[in-house]
Amino acid sequence: MEQSVHYLVLLRRFSCRLCSELSEEVGGIWDSALVSALTEDWSNQVQNTGEMPTFWLVSEDESHKPIQLLHYHTHTLGRGPETRIKDQKCSRQQVELRADCNRGFVTVKQLGSNPTSVDDVVVGKGNQVTFKPGQKLYMVNRLYPYTLQFREESTPGGASEEKSRPMKRPHQRDAHEEKDEDKEKSCRVSAPSCSNSAARPEKTHTPEMEPAAHWSQGLKVSMQDPNMQVYKDEKVVVIKDKYPKARYHWLVLPWDSISSLKALRPEHMELLKHMQRVGDRMVQQCPSSTKLHFRLGYHAIPSMSHVHLHVISQDFDSPCLKNKKHWNSFTTDYFIESQDVIAMLERDGRVSVKDGTSELLKLPLRCHVCHKEQSTIPKLKEHIRVHLLS
DNA sequence: GTTCTAGAAC
DNA sequence: GTTCTAGAAC
């Protein structure tokens, strides 16, 4: 217990250091409001991939159905049937909203004369501010509060308003929402505290709701969640793996929507190099970087959509590491080093995965240090402790 | 990706 | 009997 507390204290100090030092080193930032603008290429990529992440503007007092805010579409709102606001102080065109689903915020421009605000910040006529999950938008005079919810829209082109309701998002559930305390202690990586009630999933699933987003889309949700983000800059975001397979296990994800290694093209080279640099920095800033060995790489056939670079310490000391698939995905050629992916892209212009790679997950359990075969996961975990202590 | 659990392995 | 795995379901 004492050790866990100590560990958490270290982590918090580490996070603070990361905030200042890492930002300096790689030009990254920690306040998502400061994220600089990306190009509009993303919009095209979304259309090409058929993936349509969208925000939903949710009336806090549930006076009307949530309003879908499609990526890069402008939405003018104010007094009228859509919001059911009848207050004369509210203009019919009170605000213009523009969602950037990839970077996780909506731009709010005040068009009306009376003040629109986001939390305590008054936008001001003609001005615009960012609005993120966890914040509250007050349409006018600190009245008519709204929150943002984010989810993947599974029907490209957009669902009709009638059937489009925010749904529960299982992968937005944080570790601390399930058997919280035990998990936090046992996984040795503290889940960040979540004050973002607006972005939390619905607890119940009513018949009129659409089915939940597929689990494989979970990273796209997590990477947008400010409570999950450990680092971010204009190109990438880093989150802690929700089910870490070692004492330190981060994921570096590009803001650009790249579904898998297969989708990588030469134009992604600089992005991949940047992802590796950020991963390297994560390691360098880690208080245990001198004691633990780290590897940076990609799963050849990842379960989760959206390219993500694993930055993982090689202790594999985690209760979340439970089965052969977990083990072999990090200790066989199923795990492709970041530098090898970059080299392959440089050489071939593509990243290919060898036939039979999925079979690597079924290989016998073998210690990653001494290569001795172990019969079961519990025995393997007992065995690797020996290397950890030596 | 995780959880759950039947049944294999011990 | 218990432990552990592997496949289904999510």
Side-chain angles (χ1 to χ4, degrees), chain A residues 51 53 150-152 154 167-189 191 200-207 209-225 227-229 237-246 248-253 257-262 297-312 316 318-332 334-336 353 357-367 373-385:
Chain A
E51 293 160 359
F150 180 83
R151 75 171 171 97
E152 302 294 330
S154 55
M167 57 194 174
K168 72 173 179 182
R169 289 151 291 160
H171 290 277
Q172 203 163 0
R173 276 200 325 168
D174 283 336
H176 55 272
E177 276 191 280
E178 29 168 291
K179 300 171 188 168
D180 309 87
E181 288 181 15
D182 285 346
K183 175 145 181 47
E184 182 164 301
K185 285 174 203 158
S186 61
C187 279
R188 309 189 70 167
V189 174
R200 298 291 272 272
E202 301 282 345
K203 294 283 183 190
T204 54
H205 191 85
T206 53
M209 285 175 165
E210 287 184 13
H214 192 261
W215 54 261
S216 64
Q217 305 302 306
L219 283 181
K220 297 179 197 224
V221 178
S222 294
M223 68 185 275
Q224 303 292 348
D225 182 350
N227 293 316
M228 301 286 281
Q229 295 164 349
V237 59
V238 181
I239 60 174
K240 285 192 282 191
D241 193 299
K242 201 181 278 185
Y243 300 92
K245 305 301 183 294
Y248 299 93
H249 188 180
W250 295 287
L251 304 177
V252 183
L253 303 110
S257 183
I258 303 169
S259 58
S260 69
L261 293 180
K262 273 187 185 172
Y298 300 84
H299 279 156
I301 311 166
S303 301
M304 306 296 281
S305 185
H306 202 105
V307 158
H308 52 284
L309 172 66
H310 290 269
V311 179
I312 183 166
F316 295 114
S318 167
C320 299
L321 196 156
K322 293 176 177 174
N323 58 46
K324 183 179 269 190
K325 186 177 172 181
H326 290 157
W327 180 256
N328 283 334
S329 72
F330 287 102
T331 59
T332 68
Y334 195 91
F335 188 85
I336 311 176
V353 172
T357 298
S358 59
E359 296 303 303
L360 297 174
L361 296 177
K362 298 173 188 168
L363 286 173
L365 299 168
R366 204 171 278 284
C367 171
E373 194 172 317
Q374 304 295 324
S375 58
T376 66
I377 284 286
K379 282 176 183 160
L380 171 73
K381 295 184 87 167
E382 195 183 332
H383 171 83
I384 60 176
R385 275 172 54 84

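Residue numbers begin at 1 in each chain, while the letters A, B, ... track the order of the sequences. Since we're looking at a predicted model, the values are computed, not measured.
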*asked:* Mind checking if A/K245 touches a base, just sugar-phosphate, or nothing, with heavy atoms under 4.0 Å?
replied: sugar-phosphate
*Both distances under 3.5 Å, Watson-Crick or G-U wobble: on that basis, could you give the dot-bracket string for DNA chain C, with [ ] for crossing pairs and | for other-strand partners?*
||||||||||
For atom [atom1] of [X] and atom [atom2] of [N], their distance in whole Å:
{"X": "A/H306", "N": "B/dG1", "atom1": "NE2", "atom2": "P", "result": "14 Å"}
{"X": "A/K324", "N": "B/dA9", "atom1": "NZ", "atom2": "P", "result": "12 Å"}
{"X": "A/K242", "N": "B/dT3", "atom1": "NZ", "atom2": "P", "result": "11 Å"}
{"X": "A/M223", "N": "B/dG1", "atom1": "CE", "atom2": "P", "result": "16 Å"}
{"X": "A/L321", "N": "C/dC4", "atom1": "CG", "atom2": "P", "result": "15 Å"}
{"X": "A/N323", "N": "B/dC4", "atom1": "CG", "atom2": "P", "result": "14 Å"}
{"X": "A/K362", "N": "C/dC4", "atom1": "NZ", "atom2": "P", "result": "23 Å"}
{"X": "A/Y243", "N": "C/dC10", "atom1": "OH", "atom2": "C1'", "result": "12 Å"}

_Does this structure show an ion pair linking A/E382 with A/R385, if we count only N-O contacts that are shorter than 4.0 Å?_
no
Hey, what do you get for [atom1] ([X]) to [atom2] ([Y]), rounding to the nearest 0.5 Å?
{"X": "A/K379", "Y": "A/Q374", "atom1": "NZ", "atom2": "CD", "value": "9.0 Å"}
{"X": "A/L219", "Y": "A/K242", "atom1": "CG", "atom2": "NZ", "value": "8.5 Å"}
{"X": "A/I377", "Y": "A/K322", "atom1": "CD1", "atom2": "NZ", "value": "11.5 Å"}
{"X": "A/S222", "Y": "A/H306", "atom1": "OG", "atom2": "NE2", "value": "11.5 Å"}

Of the nucleotides [options], which has the atom closest to the [X] side chain?
{"X": "A/T376", "options": "C/dC4, B/dG1, B/dT2", "result": "C/dC4"}
{"X": "A/H326", "options": "C/dC4, B/dT2, B/dG1", "result": "B/dT2"}
{"X": "A/W215", "options": "C/dT5, C/dC10, B/dT3", "result": "C/dC10"}
{"X": "A/K322", "options": "B/dG1, C/dT5, B/dT3", "result": "B/dT3"}

*Contact summary for A/Y334 and A/N328, nearest pair of heavy atoms*: CB-O, 3.8 Å
*For A/R366, enumerate each residue passing the salt bridge (charged side-chain N to carboxylate O under 4.0 Å, His left out) test, keeping only those at least two apart in sequence or located in another chain.*
A/E373
*asked:* Check the phosphate of B/dG1 against A/H299, side-chain N and O only, distance under 4.0 Å to OP1 or OP2. Yes or no?
replied: yes
